[in-house]
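Remarks on the structure that follows.
Order of listing sets the numbers, starting from 1, for every ligand and every atom in it.
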Amino acid sequence: MAEAVQAKNLRTMVRLRGVRKDYGTVAALQDTDLDVPTGEFLTLLGPSGSGKTTLLNMIAGMASPSQGEIIINGRDVTRLPAEKRGIGMVFQNYALMPHMTVFENIAFPLQIRKVPKAEIRRRVTDVLELVRLPHVADRKPKELSGGQQQRISIARCIVYKPDLILMDEPLGALDKKLREQMQLEIKRIHSELGITMLYVTHDQEEALNMSDRIMLMNAGRVEQLGTPHALYFEPRTQFAADFIGASTLLDAEIVDAGATPLLRLADGTNCRLRLDSNVSAGTAGKLLLRPEALRLVQDGNVPAGHNVLHGHVANTLVTGATSKHFVTVEGGAVIAVQELTNQNTARFDPSQRVCIVWPADVGRFLES
Ligand code: ADP
Ligand code: MG
C-alpha cells in the first residue's frame, strides 16, 4: 500500500496545493493547485503581469509562497532553499559568466557538486554535443551569437541532470527565425532526456508549438489548463479564445437550446451551432469564429447546412502563404476570413456582396 502511494507520487514531478503569493495587498498569484506528471512539457502562458514568473520563482525556491505547499518529486520543498531543490533554471538573459570560457561555464555546476575532473570533461563534452555546439568549448560567451549563448545556458542547466528544468521566457531576446529553431531544439532535448519542463512564455504560438499542456494565466489565476488542442478548439472563456489564436467574437444569444441549437446574433441573423454544455435559452454571450474556419462564397453558392453572414470585403491582406479578408457584415462588425493565398485571392472588390459561410460544428458559444 505504502509502495503504491509512493509510486503514484513519483509519477508527479511537481505538485502545488493552494499556493498563493501576496505582495502587500496585491495577489500576484491566487490560490493555485497543479499537478505536473513526470516527463511533461508544461507551459505557463499569459500576458505580462499575469503571475507566470511569480509561480516559477516559487517552484525554484527564489520566492516563498504566502500560503500553500510545493511538493517536488514526492518531497515537500516549501521551506527548502533553492540550491537544495535540484532544479535547473534557464533565463532570458543567459546569465553566463563572461570571464569564463564556455567549458568553464558548463563545468561550474559540476565543480560545485565535487564531480571528479575526468567525469566533468566527459559530461561537458556530451552536453555540448547535445546542444550541437561541440566546437565552442574554449570561447568566451561574448564570442557567441545570442542563440548560441542560449544553447550554452541550456547545456549548463542540463549537465547536472536535474529532474526538473524551469525556463522563464528563454527565447525572448532572439529574433523570430532563431526563436523557432530554438523551440524545436528545446523540444528535441526534452524528448531525448525525458526531463520534466516548466516553460514560461507570453507567446501563444510558442506555447502551442512546444507544450504537452498549457496553463493559461490571467491576472494571477489559472484561466484554463489543457492540451494545445483543447485550448485552441475548446476555449472555455472569452479571454482564452482571445488570447490563443485569432478570433472574432460576436454578441449572441441562445434562442433555442434544443437538439439543433439556435443562436441569434446582434444584427438579428440566426445561426446553428453545436453546444457542448448545458446552456438554456436566453443565455447571452459571444459566438467565437476562427478566421481559418470561415469561407467566402458568392451569393447563391452557399453550401447546404452552412451558416451565412452577408457583407462586403473591405480589405484583403496577402501575408504570404495565407491571406486575410476583412469583411464588414450587415450590422457593422468586421470579421476576418483567412484562406490559403492563390491566384484568385484578390477576387473581391468592395462593391460586391459576399457571403461568409461556416458549418454548424465550427462555431463556439462562450457565455458572458
Ligand atoms: P509575469 O511573469 O506573468 O509577467 P509576474 O509574476 O512577474 O508576472 O508578476 C505578477 C504580478 O505581481 C504583477 O502585478 C507584478 O507587478 C507583481 N509583482 C511581481 N513581483 C513583485 C515584487 N517583488 N513586488 C511587488 N509586486 C510584484
Ligand atoms: Mg515574467
Open item on the list: Judged on heavy-atom distance to atom 8 (O) of ligand 1, which of Gly46, Gly220, Gly51 sits nearest?
Closed with: Gly51

Open item on the list: Closer than 4.0 angstrom, basic N to acidic O: yes or no for Asp76 and Arg15?
Closed with: no

TODO: Can you pull out the closest protein heavy atom to atom 12 (O) of ligand 1? Residue, atom name and distance to 0.1 Å, please.
DONE: Ala28 CB, 3.1 Å

- [ ] Starting from atom 25 (C) of ligand 1, find the nearest protein heavy-atom neighbour and note its residue, name and distance.
- [x] Tyr23 CG, 3.4 Å

TODO: Name the closest protein heavy atom to atom 3 (O) of ligand 1, giving the residue it belongs to and the distance to 0.1 Å.
DONE: Lys52 NZ, 2.8 Å

Open item on the list: Looking at ligand 1, is there an atom of it that comes within less than 4.0 Å of some heavy atom belonging to Ser50?
Closed with: yes

Open item on the list: Show the atoms of ligand 1 that are less than 4.0 angstrom away from any heavy atom in Thr54.
Closed with: 5 (P), 6 (O), 9 (O), 10 (C)

TODO: Return the residue, atom name and 0.1 Å-rounded distance of the protein heavy atom closest to atom 7 (O) of ligand 1.
DONE: Thr53 CB, 3.8 Å

Open item on the list: Contact between ligand 1 and Ala63 is defined here as a heavy atom of the residue under 4.0 Å from a ligand atom; is it met?
Closed with: no

Open item on the list: Less than 3.5 Å apart, any donor N or O on the side chain of Thr12 or Asp35 sitting next to an acceptor on the other?
Closed with: no

Open item on the list: Restricting to N/O/S atoms, is Thr53 within less than 2.8 Å of the Mg ion (ligand 2) or not?
Closed with: yes

- [ ] Indicate whether atom 15 (C) of ligand 1 is within a distance of less than 4.0 angstrom of some protein heavy atom.
- [x] no

- [ ] Please report which non-hydrogen protein atom sits nearest to atom 1 (P) of ligand 1, along with the residue it belongs to and the distance in Å to one decimal place.
- [x] Gly49 N, 3.5 Å

Task: Salt-bridge criterion met for Lys117 and Glu119 (N-O under 4.0 Å) - done: no

Open item on the list: Assess, by modelled atom type and distance only, whether the side chains of Thr322 and Gln338 contain a donor and an acceptor separated by less than 3.5 Å.
Closed with: yes

Open item on the list: Under 4.0 Å between a side-chain nitrogen and a carboxylate oxygen: does that hold for Arg353 and Glu330?
Closed with: yes

Task: atom 5 (P) of ligand 1 touched by protein (heavy atom, under 4.0 Å) - done: yes

- [ ] Within a distance under 4.0 Å of any heavy atom of Pro47, pick out the atoms of ligand 1 and give their elements.
- [x] 3 (O)

TODO: Establish, yes or no, whether the cationic atom of Lys324 lies under 6.0 Å from the six-membered ring centre of Phe326 and within 45° of the ring axis.
DONE: no

- [ ] Please name the pair of heavy atoms, one in Leu231 and one in Leu225, separated by the smallest distance, quoted to 0.1 Å.
- [x] CD1-C, 4.2 Å

- [ ] Cation-pi check, Arg121 to Phe103: give yes when NZ or CZ is under 6.0 Å from the six-membered ring centre and within 45° of the ring axis, no otherwise.
- [x] yes

Task: Between Glu234 and Gln224: side-chain donor-acceptor atoms closer than 3.5 Å - done: no

